[in-house]
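What follows is a single structure, written as structure tokens, with notes after it.
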Amino acid sequence: MFERYGDSIRSLVDRSLNFLGVPYRFGGTSPITGFDCSGFVGKVFSDALGFGMPRTAAEMSQMGEQVKINELKPGDLVFFNTMRRAFSHVGIYLGNYQFVHAPSSGGVVRVEDMRISYWAARYDGARRVLPGAGVRPTQTN
């Protein structure tokens, strides 16, 4: 079980890093046309783990279990208040206070440090989304 979980997280982290440099696009869900933050997270989870994710960061913030900042593990979802509302931005934690995300208009998918003042001031919390913990499987046709 734990080995399988580790392989899943490695796959999730590897897949997220494959999208570095993809441009931000509001409402975007594709590496071809661009991602917004939740579109990026949804695509990574779908590709790496076969999970369907809710469409918005706020909806994602209701999944899985809450995680304290000092207990973060790679693959956890990290949330920020970037639009004057809680849980308006989401990224994927990589370890060592680094996270990968689709930032904003004019930006590209990139890795950033949660400790820099901008992100530290806007941190809203984290969730650990595990198989069977309220995650909908992706539908295949």
Side-chain angles (χ1 to χ4, degrees), residues 1-2 4-141:
M1 161 69 176
F2 291 110
R4 195 168 121 210
Y5 176 73
D7 289 344
S8 295
I9 297 307
R10 273 190 291 283
S11 177
L12 183 76
V13 167
D14 289 347
R15 188 66 179 143
S16 71
L17 296 175
N18 285 340
F19 293 126
L20 291 176
V22 172
Y24 177 89
R25 179 171 178 235
F26 181 77
T29 60
S30 165
I32 296 168
T33 57
F35 290 119
D36 67 9
C37 67
S38 56
F40 166 70
V41 169
K43 178 68 171 159
V44 170
F45 270 75
S46 177
D47 285 2
L49 304 176
F51 294 3
M53 295 289 282
R55 182 59 189 100
T56 69
E59 291 170 324
M60 289 178 186
S61 74
Q62 301 301 306
M63 298 184 66
E65 62 186 49
Q66 190 171 1
V67 180
K68 294 178 183 175
I69 196 165
N70 62 337
E71 296 173 353
L72 284 168
K73 293 182 179 178
D76 289 342
L77 299 182
V78 288
F79 295 91
F80 303 89
N81 177 340
T82 58
M83 301 175 75
R84 298 185 184 171
R85 69 178 188 273
F87 307 107
S88 54
H89 188 70
V90 62
I92 300 171
Y93 187 72
L94 300 173
N96 197 31
Y97 296 96
Q98 305 293 303
F99 73 106
V100 60
H101 67 128
S104 61
S105 295
V108 297
V109 173
R110 63 181 179 234
V111 174
E112 295 202 63
D113 193 314
M114 294 171 51
R115 296 170 294 189
I116 65 168
S117 60
Y118 179 86
W119 296 113
R122 290 164 176 81
Y123 181 74
D124 268 342
R127 306 292 289 189
R128 184 161 298 143
V129 180
L130 301 172
V135 180
R136 298 183 316 252
T138 301
Q139 300 215 351
T140 55
N141 295 336

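By the 4.5 Å heavy-atom criterion applied to side chains, M53 and V90 are not counted as neighbours. Side chains of F40 and V22 form no contact here, defined as non-hydrogen atoms less than 4.5 Å apart. Counting heavy atoms from C-beta outward, M63 and L77 have side chains that stay 4.5 Å or more apart. Residues L94 and S16 are in side-chain contact: their nearest non-hydrogen atoms beyond the backbone lie under 4.5 Å apart. Side-chain contact between F87 and T56: absent, with no pair of heavy atoms (C-beta onward) separated by less than 4.5 Å. Between R85 and D124, every side-chain heavy-atom pair lies at or beyond the 4.5 Å cut-off.
Residue pairs meeting the salt bridge (charged side-chain N to carboxylate O under 4.0 Å, His left out) criterion with at least one member in residues 11-24, sequence neighbours excluded: R15-D47. Residue pairs meeting the ring pair (Phe, Tyr, Trp, His ring centres under 6.0 Å) criterion with at least one partner in residues 13-32, sequence neighbours excluded, are F19-F35.
For the ring pair (Phe, Tyr, Trp, His ring centres under 6.0 Å) with F99, the qualifying choice from F80, Y123, Y93 is F80, the only one to do so. Partner of D36 under the side-chain hydrogen bond (donor to acceptor under 3.5 Å, both in side chains) criterion, chosen from H89, R55, R25: R55.
Residue E71 places its CD atom among more than 12 non-hydrogen atoms of other residues, nucleotides or ligands, all under 6.0 Å distant.
Remark: the backbone N or O of R115 is paired with a side-chain donor or acceptor of D113 at under 3.5 angstrom.
At a threshold of 4.0 Å, the pair K73-D76 does not count as salt-bridged, since none of the basic side-chain nitrogens sits closer than that to a carboxylate oxygen.
Taking CD1 of I69 as the start and CE of M114 as the end, the distance is 4.0 Å to the nearest 0.5 Å.
Of all heavy-atom pairs spanning T29 and G39, the tightest one is CG2-CA, 4.1 Å. Closest of all the heavy-atom pairs between P103 and V108 is CD-O, 3.0 Å. Nearest heavy atoms, S88 versus A57: C-CB, 4.0 Å. In terms of heavy-atom proximity, K43 sits nearest to P31 at CE-CD, 3.9 Å.
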- Message: Checking W119 against T82 for the side chain to side chain contact (heavy atoms under 4.5 Å, CB included) test, could you report, in this order, the C-alpha distance in whole Å, the side-chain angles of both residues, the deciding distance, and whether it holds?
- Response: CA-CA 9 Å; W119 296 113; T82 58; 3.8 Å; yes
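Under 3.5 Å, the side chains of R127 and S61 contain no donor-acceptor pair of N or O atoms.
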